[in-house]
Amino acid sequence: MLNVNTLVLPLEDADRSPIAETMVVIFSDYGTNRVFLINYQDKPRKPIVFPLTTVLLWIEDGLITTAEMELPKFYSLSDNQQTAKAITMRERRFRAIVPIIQNLEEFLTATYGSKLVAKAAEEVNATRHQIYQWTYLYLRRGQTKNALLPDNRNRKSNRRRLSGDRLGRKPKSPNAPYKQKTPEDERNLGRVLKKHYLIQGGDPLTKVHHEFLALHFAGQKSLTPDGQIKYEIGANLNYPSMSQFRSWTNTYLRKNGINAQRMRIGSSKYDKDLKGRSGDLVQANGPGEIYQIDATPGDVWLVSQLDRFRNLVVGKPTIYSVVDVFSEAIVGIYVSLFSSSYDAVRLALFNAFRPKVPFAREVGLDITESDWPMSVSCLKAFVDNAEMRSRRAEIVSDDWGTDVVFGRAYRGDDKGLVEKSFDHFNKKLLSDLPGFIKKDSKTRGEKDPKLDAVLTLPELYRLLITYVIHHNNFLECSSRLFNQQMTIDGIPFRRRDVWDWGVKNRPFSGKSLPEEQIYLKLLEKGSASIHREGIYFNKLWYVCHWTLVNGYQDQKVTQNRVKNIDVRFMRHSTDRIFLSTPDGLQIAHLKPDSDRFQGCSFDEVELQLKREKSERLARTPEALSSELSFRENTKQVVKNAQSEQVKLRSSQIKNQSISENRALDLEYERQHERERLHRYTNMHFGIAERPDAKSDTKDHSKRRSAHQNAVDNLLGQTDDNDS
């Protein structure tokens with residue numbers, strides 16, 4: 001967001017930067033998409049208007065950067081620390097431009113600005129040029145009355161002569177480096193600071209000093225015959241010492257109003273860790289109104305719960321925490337070996353919304369309802385962008401009526417309560433567990449914490465639940481949660497008591513449902529199509545008794561359009577999906593057509609189908625070659641047969657006895673099988689060929705002759721008829 005008095009700085013590479021100098025924001029209007037900038041250095045010029053969205057896009061793309069304005073100290077001094085002459089001059093200037101300040105938008109618009117200036121100049125007996133200069137001075141120096149104070153810092157004394165001799169305190173050593181700053185030094189200083197110092201992760205000032213000296217002594221470097229660069233610096237050359245260079249740098253930053261610390265560590269980290277706080281808090285009117293949700297890698301190594309010897313290290317868990325803003329109570333946790341994702345957020349919300357007694361029982365822990373009574377959905381969920389900014393997360397707002405509020409990128413302080421809960425987990429629980437990862441665990445000589453890993457995921461779950469109950473019921477909470485009525489009612493400074501008081505005395509709109517309904521309503525949402533053959537979803541086929549009974553799969557005679565229906569599903573299981581119908585959720589199972597994907601996830605199905613398609617495309621040239629060869633050979637066989645065929649009249653073909661013709665060919669096939677039998681059995685049993693075996697061949701010849709005679713008679717009849 002571009003606030004008034006924000007500095008906008010160009011890049012070092014002027015060709016890429018859309019602005020050529022440092023400018024300051026003096027007026028912005030989101031409604032009309034305008035932002036006015038004025039030059040921050042040199043002689044003030046007329047403000048320039050830009051489209052606000054364009055400037056924000058430049059910042060996002062890294063074409064320009066922003067910084068906070070830091071004014072010289074004398075602008076913040078009180079009146080009793082200013083001279084009477086300076087105050088008189090300030091008051092006269094301010095009185096002259098008050099009408100312009102009160103109508104700043106009109107002044108910045110070209111049509112009306114000149115009228116305001118002329119009127120102001122006439123009232124205080126000043127020139128229009130003076131009014132413009134005072135107004136511009138006010139706008140680009142923080143828009144405070146003290147911006148109109150006379151600046152005497154750069155006024156030169158008549159007694160001071162820049163003769164080139166050393167000024168100031170005499171150095172302790174005559175050989176100590178020293179140099180008077182020249183305009184060229186000022187330019188080189190700005191170049192070096194912008195390139196090496198005023199960037200995120202920039203070099204330390206000592207290294208930047210060396211870069212400056214490299215520019216200063218550029219004329220004393222030469223190239224040796226072997227290609228090396230060599231500096232030849234004489235003893236009588238003047239150059240700034242490190243302390244002098246540091247003073248130059250401070251003067252440059254102060255003069256240009258640059259917050260170097262913000263630029264070096266990044267605006268997000270600066271705002272999160274170093275920037276002053278206004279003291280404003282995100283207030284909730286009652287318990288369950290706002291939940292903060294976040295995840296962090298647990299700093300402890302775990303072993304597999306499937307290894308009875310506890311030797312298989314499975315890594316660090318991901319811990320999700322859900323905290324109620326009104327009471328600061330932890331209302332839900334989720335621990336898993338999966339990385340951060342919407343599926344993990346969904347289960348964290350499920351554990352926050354559901355009753356806690358069955359939740360604890362799942363991990364082998366018996367608690368009572370009074371130990372952890374927080375089991376309602378929230379009205380607002382304050383979350384990170386990563387897991388919830390997707391279509392998959394829309395169910396939280398669509399089905400639960402929960403408004404999803406996104407925190408700013410890299411601003412963990414937006415969710416301070418849930419971030420603090422991780423600190424509680426580390427200090428009060430994880431740090432005492434074997435396998436805990438200390439900050440100095442990678443120091444040479446330190447024992448690898450993986451060697452001490454002994455706890456499993458369910459055991460960590462049980463410890464965390466036990467700590468959460470202790471945290472909510474017995475540990476002191478912050479007094480800033482309390483209002484006057486809580487103090488009058490004598491509520492103890494404990495999160496559980498604050499929650500109970502809020503449930504009793506504040507409006508409460510959280511939903512409390514059976515946990516199976518909560519789980520199903522938090523499943524991911526999708527869309528399936530209903531066909532005559534079944535339900536098609538994510539390239540798989542399902543069957544549902546409800547759609548069959550209610551005629552949804554019946555194909556209409558006059559209308560065959562595909563019907564779509566909303567479904568709920570879990571991304572890790574293809575076995576079943578749930579149709580959102582007027583009669584509630586209806587289950588659908590995989591059809592045998594898709595049964596090969598039983599027990600898989602939808603991601604695995606997508607990968608397998610892509611792999612099969614790729615393999616099928618790789619086989620296409622071979623299959624196409626075979627197809628073309630087969631078709632060409634078929635054509636050749638047909639062509640050869642047609643060339644040998646004797647043409648008959650259609651009546652002759654229709655009057656044939658197909659059964660007699662078929663009987664002759666069948667007898668030929670039987671004889672062929674008899675010959676195969678004799679040949680194979682003779683080979684297997686070693687039977688010698690009998691002399692009379694030729695009789696079979698003779699009979700076969702007779703049969704073939706009979707067949708041929710029948711054909712000849714048919715052809716003979718044809719010839720007679722033709723004659």
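Annotation: F537 is in aromatic contact with F569 [ring centroid separation under 6.0 Å].
Residues R310 and T456 have side chains in contact (heavy-atom distance under 4.5 Å, counting atoms from C-beta outward). Side-chain contact between L337 and V314 is present, with at least one heavy-atom pair separated by less than 4.5 Å. Using a 4.5 Å heavy-atom threshold, the side chains of K380 and Y291 count as separate.
A donor atom on one side chain and an acceptor atom on the other are not found under 3.5 Å apart for Q636 and E632. A donor-acceptor contact closer than 3.5 angstrom links the side chains of S321 and S421. There is no side-chain donor-acceptor pair under 3.5 Å between D324 and W499. In summary, the side chains of N661 and Q656 do present a donor paired with an acceptor at a separation below 3.5 Å, with no hydrogens or angles considered.
Judged by distance alone, with hydrogens and angles left aside, the side-chain atoms of K563 form a donor-acceptor pair with the main-chain N or O of Y552 at under 3.5 Å. Under a 3.5 Å cut-off, the side chain of S601 and the backbone N or O of E604 do form a donor-acceptor pair. Between the side chain of D294 and the main chain of V418, no donor-acceptor pair closer than 3.5 Å is present.
Among the candidates D566, V567, L523, the single residue satisfying the side chain to side chain contact (heavy atoms under 4.5 Å, CB included) test with F578 is L523.
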For D603 and R571, what are the C-alpha separation, side-chain angles and deciding distance, and is it a salt bridge (charged side-chain N to carboxylate O under 4.0 Å, His left out)?
CA-CA 7 Å; D603 294 332; R571 187 166 292 270; 3.4 Å; yes
With salt bridge (charged side-chain N to carboxylate O under 4.0 Å, His left out) as the test, would you mind laying out the steps for D665 and R662 before giving the verdict?
CA-CA 5 Å; D665 277 29; R662 184 184 184 89; over 6 Å; no
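Between K610 and E606, at least one side-chain N (NZ, or NE/NH1/NH2) sits under 4.0 Å from a carboxylate O, which counts as a salt bridge.
In this pair, F50 and W58 present their aromatic rings perpendicular. The plane angle is above 60°, beyond the 30 to 60° band. Between F338 and H572, the ring planes are parallel. Angles under 30° get that label, and only those over 60° would be called perpendicular.
Enclosure of atom CD in E622 is not indicated, since only 12 or fewer non-hydrogen atoms of other residues, nucleotides or ligands lie within 6.0 angstrom. Environment of CD1 in I658: sparse, with no more than 12 heavy atoms of neighbouring residues, nucleotides or ligands closer than 6.0 Å.
Remark: V543 engages L548, K591 in a side-chain contact (heavy atoms from CB on, under 4.5 Å) (not counting sequence neighbours). For D307, the salt bridge (Lys or Arg N to Asp or Glu O under 4.0 Å) test picks out no residue, with sequence neighbours left out.
A cation-pi contact links R346 to Y519, judged by a cut-off of 6.0 Å to the six-membered ring centre and 45° from its axis.
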